[in-house]
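Accompanying notes for the structure given below.
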Amino acid sequence: MAARKKLTIDDIAFEPNEPTVVPLARLFAWVVWQFPRVREGGFNGAVHPPEADHGWYPAVINAAEGHVKIFGQIKEPYPTPEAAVKYFEKVKSQK
């Protein structure tokens, strides 16, 4: 299997095979959507880069510690923040 290429959006290089932790302040131009469901490390959420036609990435928002774990390693971004958050349910059911 070929190695996945690193995705770079808004000068943030995302890890190709695992979530990428980014300071919350670094996402000042992004839309950060937080779903009120607590999970380990923060809240379920989704982030949208400052590109009009781009989709949403699942994310764990930890405002208390000031960071976001972005799941940029997914194959394709989701069309809505609600769909992105469902990623966590899908991953949980595969374990």
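Side chains included, hydrogens not; waters and symmetry mates left out as well; all remaining heavy atoms used. Computed from a predicted model, the values in this text were never measured in an experiment.
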> Does the side chain of Pro81 reach to within under 4.5 Å of the side chain of His48, using non-hydrogen atoms?
Replying inline: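 The answer is no, as the side chains (C-beta and beyond) never meet within the 4.5 Å cut-off.
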> Mind checking whether His67 and Leu24 have side chains closer than 4.5 Å, heavy atoms only?
Replying inline: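 A side-chain contact under 4.5 Å is absent here.
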Kindly give the heavy-atom pair with the smallest separation between [X] and [Y], and that separation in Å.
X: Ala84; Y: Ala46; result: CB-CB, 3.8 Å
X: Asn62; Y: Glu65; result: OD1-N, 2.9 Å
X: Tyr78; Y: Ala83; result: CD2-O, 3.7 Å
X: Ile61; Y: Gly45; result: CG1-CA, 4.1 Å
X: Lys6; Y: Pro16; result: CG-CD, 3.8 Å
X: Pro49; Y: Gly55; result: CD-O, 3.5 Å

> Do Val21 and Tyr57 share a hydrophobic cluster, counting only Ile, Leu, Val, Met, Phe, Trp and Tyr and linking them when any side-chain heavy atoms are less than 4.5 Å apart?
Replying inline: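 No, it is not one cluster - the side chains of Val21 and Tyr57 are not joined through contacts under 4.5 Å.
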>> With side-chain contact (heavy atoms from CB on, under 4.5 Å) as the criterion, how do Val22 and Thr20 come out once you've worked through the C-alpha distance, each side chain's angles and the decisive distance to 0.1 Å?
In response: CA-CA 6 Å; Val22 179; Thr20 302; 4.1 Å; yes
>> Apply side-chain contact (heavy atoms from CB on, under 4.5 Å) to residues Phe71 and Val60 and explain how you reach the verdict.
In response: CA-CA 8 Å; Phe71 290 71; Val60 176; 3.8 Å; yes
> Could you state the interatomic distance from CG (Asn44) to CD (Glu89), rounded to the nearest 0.5 Å?
Replying inline: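 Between Asn44 CG and Glu89 CD, I get 8.0 Å after rounding to 0.5 Å.
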> Roughly how far, to the nearest 0.5 Å, is the CH2 atom of Trp56 from the CD atom of Glu82?
Replying inline: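 One finds 8.5 Å between CD of Glu82 and CH2 of Trp56.
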Tell me which donor-acceptor pairs under 3.5 Å the side chains of residues 7-15 have, and how far apart each pair is, sequence neighbours excluded?
from: Asp10; atom 1: OD2; to: Arg26; atom 2: NH1; distance (Å): 3.2
from: Asp10; atom 1: OD2; to: Trp30; atom 2: NE1; distance (Å): 2.9

